[in-house]
Amino acid sequence: MSFVRVLDSMGQQLSPCTCEKSQRLLADGQAELVCDDPYTIRLNRVISKTPEPSHEQPHPAGQTLLLHICCGPCATYTSRHLQEQGWDLTGFWYNPNIEPQEEYQKRLLSLKRLAEQVSLPMVWDTTSDSDCFHDAVLGHERFGERCAYCYRLRLHRTAQVAAERGIGTISSSLLISPYQNLELLREIGIQEAAEFRLQFYFENMRSGYNARTRLSRQYGLYLQTYCGCGFSAQEAEERRARKTASE
Ligand code: SF4
């Protein structure tokens, strides 16, 4: 009997299942095919193998934090939430993973619009040359695997800029996303922050995801339809095509 590789929606590897079961999951719309070789399906929900990491609360009153921001929508809730906790917050834009250039510009403008409306202090690194992203993920292009290199690229730069500016803690707006691997973000964030003798602030902010969508509409922000890199754009396109074909 052959088995099928199974991921959950965060890219966590689960126990393999039989071909028959994978076909049932695909037919029911509970999963999608992400790779033919090895044959791999991704469930459309998160399976919690261990208790989800949640709060690791420091006492932030007045402490400085540089928040890496992946896009305007994810910054809506996360920036407000962290400021409400008492952090002295500065946002940081650095996302050379976003492709193509038109999409990069849309997301950049969207965050500029938000930052202006909510008076969020920002540092902008508008390096949009995706070569550094492709160099970083070279040889690790599979979904899940490449994200680790993508996180590291962005969080390394965040830590570097925080250290230059005397900001003691870093974090990321990616921590709101149900599509990102929070355990991996935490691990990489801690490592990159430690390299510069900084702290990484981790909190599972997914409970704010619905508020993110509502706030994005309220601020008139562009809502993207894929994670960011060209690979994720292509995967999203393929998912849409499969969905259309099955209707
Ligand atoms: S899917 Fe998203 S997190 Fe993963 S490599 Fe692409 S842009 Fe980065």
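Values in this document were obtained by computation on a predicted structure and should not be read as measured data. All residue numbers refer to positions in the sequence shown, counting from 1. Note that ligands are numbered from 1 as they come in the structure, with each ligand's atoms numbered from 1 the same way.
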What protein heavy atom is closest to [atom], reported as residue, atom name and distance in Å?
atom                    : value
atom 2 (Fe) of ligand 1 : Cys227 SG, 2.2 Å
atom 4 (Fe) of ligand 1 : Cys147 SG, 2.4 Å
atom 8 (Fe) of ligand 1 : Cys150 SG, 2.5 Å
atom 6 (Fe) of ligand 1 : Cys229 SG, 2.3 Å

Only heavy atoms of [X], strictly under 4.0 Å: list the atoms of ligand 1 that pass.
X      : answer
Arg146 : 1 (S), 5 (S), 6 (Fe)
Ser232 : 1 (S)
Gln180 : 3 (S)

Over 60° means perpendicular and under 30° means parallel, so classify the ring planes of Phe231 and Phe133, tilted if in between.
->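 Plane angle between 30° and 60°, so tilted.
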CZ of Phe202 to CD1 of Ile170: how many Å apart, nearest 0.5 Å?
->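 CD1 of Ile170 is found 13.5 Å from CZ of Phe202.
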What about the rings of His134 and Tyr149, do their centers lie closer together than 6.0 Å?
->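 Centroid distance His134-Tyr149: not below 6.0 Å, so no.
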Note: Glu116-Lys112 ion pair, threshold 4.0 Å (strictly below) |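 Salt bridge between Glu116 and Lys112, a charged N being under 4.0 Å from a carboxylate O: no.
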Any chance you could lay out the salt bridge (Lys or Arg N to Asp or Glu O under 4.0 Å) test for Lys106 and Glu102, step after step, and finish with the verdict?
-> CA-CA 6 Å; Lys106 276 189 198 170; Glu102 302 75 53; over 6 Å; no
Please test Glu238 against Arg42 for salt bridge (Lys or Arg N to Asp or Glu O under 4.0 Å), starting from the C-alpha separation and ending with a verdict.
-> CA-CA 13 Å; Glu238 288 165 3; Arg42 182 167 58 212; over 6 Å; no
